[in-house]
Every structure is written in structure tokens, then in C-alpha cells.
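Basis for what follows: all heavy atoms, side chains included, without hydrogens, waters or symmetry-related copies. Lettering follows sequence order; numbering is per chain, from 1.
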There are 2 protein chains.
Amino acid sequence: MATKSKDLATPAMPTEAAQAQRFEKARSAQSTALLEDYVELISDLLASSGEARPTDVARRLGVAHATAIKTIARLKREGLATSRPYRGVFLTEAGKALADRVRLRHRLVVDLLMAVGVPADSAEVDAEGIEHHVSDAALAAFRDFLAQRG
Amino acid sequence: MATKSKDLATPAMPTEAAQAQRFEKARSAQSTALLEDYVELISDLLASSGEARPTDVARRLGVAHATAIKTIARLKREGLATSRPYRGVFLTEAGKALADRVRLRHRLVVDLLMAVGVPADSAEVDAEGIEHHVSDAALAAFRDFLAQRG
DNA sequence: ACCAAAATGTAGCACAGGCTACAAATTGGA
DNA sequence: TCCAATTTGTAGCCTGTGCTACATTTTGGT
């Protein structure tokens, strides 16, 4: 291992490897973020109206319906959803499980943000982007922190 | 169904428009995230060793050097960096300003995470993904919260 | 001074996730 | 019933961000 370091400045940079790993993790989180959003949204639509139509999904996400359909195809490829032509989208068991996990995490993030003083509306908006990058360790810490403040 | 008919079980879904806007925001944040990472890293490298070579940037980010070079080209297109062939990368004034903002935000996010009990190493890793999605409002709240706990 | 290794740059591919445009199926109202 | 609007699906394009392979330039050791 070439410890070719010359990090002799400011608040100490992490090692190359450590830093690369962090970025790698952030990139991989990003690649699942969209699927998580779709699954959670589909779950919500199913719960609140009994069906999840591609057009509704598209409108909620603010994308063209063709985009939604393409991503739903990816959900199916990954075993998270099922659908038949002109019949709406449904979640597999794996999809439901993911949706539940994501929803829980979302609430926890919003609650944590509000607990530290972020206004409710900002908290909701920010959580949408933040939630996908919160590790289990952080999530556990959030839970403890919230429990401790009633 | 006006302002706050929120029951404990199911938090009402937001309106289509509101939700679409949130996702749109998250998507646009994502598109600037990579540039922010590059700019901050380049700034760190310049500060700690006086130069930022594409290969170093690539190694730190954990990507192939060709990928780094391509993204650096984008930084130049966007007026954040300058570089001449075989001569390393430098930041424009805009790039420096962005780097400073990003670095500050990064610290604040890490500190906030640790303040609510997230272990230091998790905090660093999570912050890498989270920071790009933290609004100014949330940032201000973080600052206040941290100030209040000395 | 030279040549090999390292760094840099270029070209071309893949895939994800946007889009528009068009085609086909379904649904609802007259 | 039947036609028009809506919904759904398909095709093809663009951009961003990865990659590998190869070409070129710079650098450093002998």
C-alpha cells in the first residue's frame, strides 16, 4: 500500500480510500432513491384510492407519463411491482416492505428536522431529498433523540 | 378539508402540485450535487497541496480519471473552474465562493448529525449525501440549534 | 539525454432518466 | 351504440455520468 500522503493542511482531509468510499456510497444511494420514491408513492396511492395509475404517478412526481411508465418497467424488472397493460400498478411483497421502510424513514427524518427547529414546510421538502441518504445508524440516533424529547 | 385535519394514522397526502414541486426540487438539487462535490474537493486539494490534478480528483472521488476529466470540463463550461492541458485545475471566483459555501454547509450538517447523537463516522458518510438537499431555512435552524447547545 | 512510467486527454460505449411525438386501448357521454 | 377524450403504451432523442481502450504529453530515474 502506497501511503503517499501529504495531507498536511487545514482540518485534515480523509484518506483517499475513505473519501472515495463515501462518494461511492452517496452515488449508490442516489441510484436507489428514485425507486424508493416511486414505491412509496404507489403505496400511498393504493392506500388512499385503491389504485395507482401511471398517469397519477407521473403527475405526482411531476414528470411526463412516458417517464413514469419507463421507471415502472424498471420497478418490475427489480421485482418491486407488477402491472398488466391498462390495469394499473401494484406492489410485490418486496415492494410493500420497501414502501413501509421508506415511509417510516421519511416520517422520522421530517420529525427530526422539526425537532431541531426546521419549519414544517421546509422539513417536508428537504426530507424528500435527505431521506435517501440517512444510514441505519443515523436513523437509530434520530429515534433515540426524538424519544428523549417526548 | 382545510388546514389541519391530520389524524394520527394516515398523514394526508399533499396535493399533486405540491408533491410534484418537492420531487422537482430534489431532482434539481441532485443535478448540482456532483458539481458541488468536485468544487469542494478541488478547493481542498488546492489548499492542502497547492495543486489539484485530475488524477487526484478521480482517486478521491473513486471514479476513473476519464470521468473526472469529463466532469471538470463541465465545471469549466459552468464557469466554476479553469484549466489548461497538463496543468491542473483551478477555481474561478465563483468556484471558490461555491466551495466555501459548500464546505460550511458540510460542517454544519456533520455537526448537527453528531449533536443529535449520530456517531462521528456515520455522520461524515451520511453528510456526503445529505448536504446537497439541505435548504437555507434548515441550515439556519441547524445553526440556531447548535448555538443553543454551546 | 533518453526512455519508460505516469499523467492527461480523446473516443466511443452503456445505462438511467428526462423529453416529445405518435399509436393503440379504454372509457364515458350524447 | 358510437365517437371523442382520456389513458396507456411505444419509439426515438438528449444529457449526464459512469466505464474501457487507446493516444499523447510530461516527468523522472539511470
Side-chain angles (χ1 to χ4, degrees), chain A residues 2 4 6 16 19-39 41-42 45 49-78 80-90 128-129 132, chain B residues 16 20-39 41-42 45 49-78 80-90 128-129 132:
Chain A
K4 163 194 179 169
K6 54 182 162 180
E16 256 176 24
Q19 196 165 17
Q21 231 170 350
R22 282 180 208 167
F23 284 118
E24 161 57 33
K25 197 164 216 167
R27 279 195 298 271
S28 99
Q30 185 49 40
S31 87
T32 61
L34 193 72
L35 296 187
E36 292 179 348
D37 285 340
Y38 270 75
V39 162
L41 175 54
I42 290 167
L45 288 170
S49 75
E51 62 174 4
R53 293 145 75 233
T55 305
D56 293 335
V57 171
R59 271 204 289 258
R60 291 257 167 203
L61 286 164
V63 300
H65 81 275
T67 301
I69 287 175
K70 217 191 273 191
T71 305
I72 288 168
R74 192 176 153 211
L75 290 184
K76 290 164 72 175
R77 275 205 307 280
E78 313 236 350
L80 295 169
T82 61
S83 78
R84 293 195 345 274
Y86 300 93
R87 285 286 159 246
V89 188
F90 298 92
E128 205 63 67
H132 305 290
Chain B
E16 255 176 28
Q21 229 169 351
R22 283 181 208 169
F23 285 118
E24 162 55 33
K25 198 164 216 167
R27 278 195 299 272
S28 98
Q30 185 49 40
S31 88
T32 60
L34 194 71
L35 295 187
E36 292 179 348
D37 285 339
Y38 270 76
V39 162
L41 175 54
I42 290 167
L45 287 170
S49 75
E51 61 174 3
R53 293 143 76 232
T55 304
D56 292 335
V57 171
R59 272 205 288 258
R60 291 258 164 203
L61 287 164
V63 299
H65 82 275
T67 301
I69 288 175
K70 219 190 272 191
T71 305
I72 288 168
R74 191 177 155 213
L75 290 184
K76 289 163 72 176
R77 275 205 306 280
E78 313 237 350
L80 296 170
T82 61
S83 79
R84 291 195 347 275
Y86 301 93
R87 286 286 159 242
V89 188
F90 297 91
E128 205 63 68
H132 306 288

Open item on the list: Enumerate the salt bridge (charged side-chain N to carboxylate O under 4.0 Å, His left out) contacts for residues 66-76 of chain B, please, sequence neighbours excluded, ordered by first and then second residue.
Closed with: B:Arg74-B:Glu78
- [ ] In whole angstrom, give the distance that lies between atom CZ of B:Arg53 and atom P of C:dA5.
- [x] 18 Å
Task: 5' precedence on DNA chain C between B:Arg84 and A:Arg74 (nearest-nucleotide basis) - done: B:Arg84
Task: Separation of B:Leu35 CG from B:Ile72 CD1 (nearest 0.5 Å) - done: 11.5 Å
- [ ] Grab the CD-C1' distance between A:Gln30 and C:dG17 for me, whole Å please.
- [x] 11 Å
Open item on the list: If you compare every side-chain N and O of A:Thr71 against the phosphate oxygens of C:dG17 (OP1, OP2), does one of them come in below 4.0 Å?
Closed with: no
- [ ] State whether the number of non-hydrogen atoms from other residues, nucleotides or ligands found under 6.0 Å of B:Gln30 atom CD is greater than 12.
- [x] yes
Task: With A:Arg59 via side-chain contact (heavy atoms from CB on, under 4.5 Å) - residues at least two apart - done: A:Thr55, A:Asp56, B:Glu16
TODO: Using atom CZ of A:Arg77 as one end and atom P of C:dA16 as the other, report the distance to the nearest whole Å.
DONE: 6 Å
Are any protein N/O atoms closer than 3.5 Å to N/O atoms in nucleotides 20-27 of chain C? If there are, list each pair with its distance.
{"from": "C:dA25", "atom 1": "O4'", "to": "A:Tyr86", "atom 2": "OH", "distance (Å)": "3.0"}

Task: Rounded distance (Å) that lies between atom P of D:dT17 and atom CG of B:Leu75 - done: 10 Å
Atom pairs, protein N/O to nucleotides 13-15 of chain D N/O, distance under 3.5 Å:
none

TODO: Report yes if some heavy atom in the side chain of A:Leu61 is under 4.5 Å from a heavy atom in the side chain of A:Leu41; otherwise report no.
DONE: yes
TODO: Please identify each residue that fulfils side-chain contact (heavy atoms from CB on, under 4.5 Å) with A:Leu34, with sequence neighbours left out.
DONE: A:Tyr38, A:Thr71
Task: Worked check of side chain to side chain contact (heavy atoms under 4.5 Å, CB included) between A:Ile42 and A:Leu75 - done: CA-CA 11 Å; A:Ile42 290 167; A:Leu75 290 184; 3.6 Å; yes
TODO: Decide side chain to side chain contact (heavy atoms under 4.5 Å, CB included) for A:Glu36 and A:His132; before the verdict, give the C-alpha distance in whole Å, the side-chain angles of both, and the deciding distance to 0.1 Å.
DONE: CA-CA 8 Å; A:Glu36 292 179 348; A:His132 305 290; 2.6 Å; yes
TODO: Using whole Å, report how far CD of A:Glu24 lies from P of D:dT17.
DONE: 15 Å
- [ ] Measure the distance from CZ on A:Arg27 to P on C:dG17 and round it to the nearest whole Å.
- [x] 16 Å
- [ ] Using salt bridge (Lys or Arg N to Asp or Glu O under 4.0 Å) as the criterion, list what pairs up with B:Arg27, not counting sequence neighbours.
- [x] B:Glu24
Open item on the list: Rounded to whole Å, please give me the gap between CD1 in B:Ile69 and C1' in D:dC19.
Closed with: 14 Å
Open item on the list: What is the separation between atom CG on A:Asp56 and atom P on D:dT8, rounded to the nearest whole Å?
Closed with: 7 Å
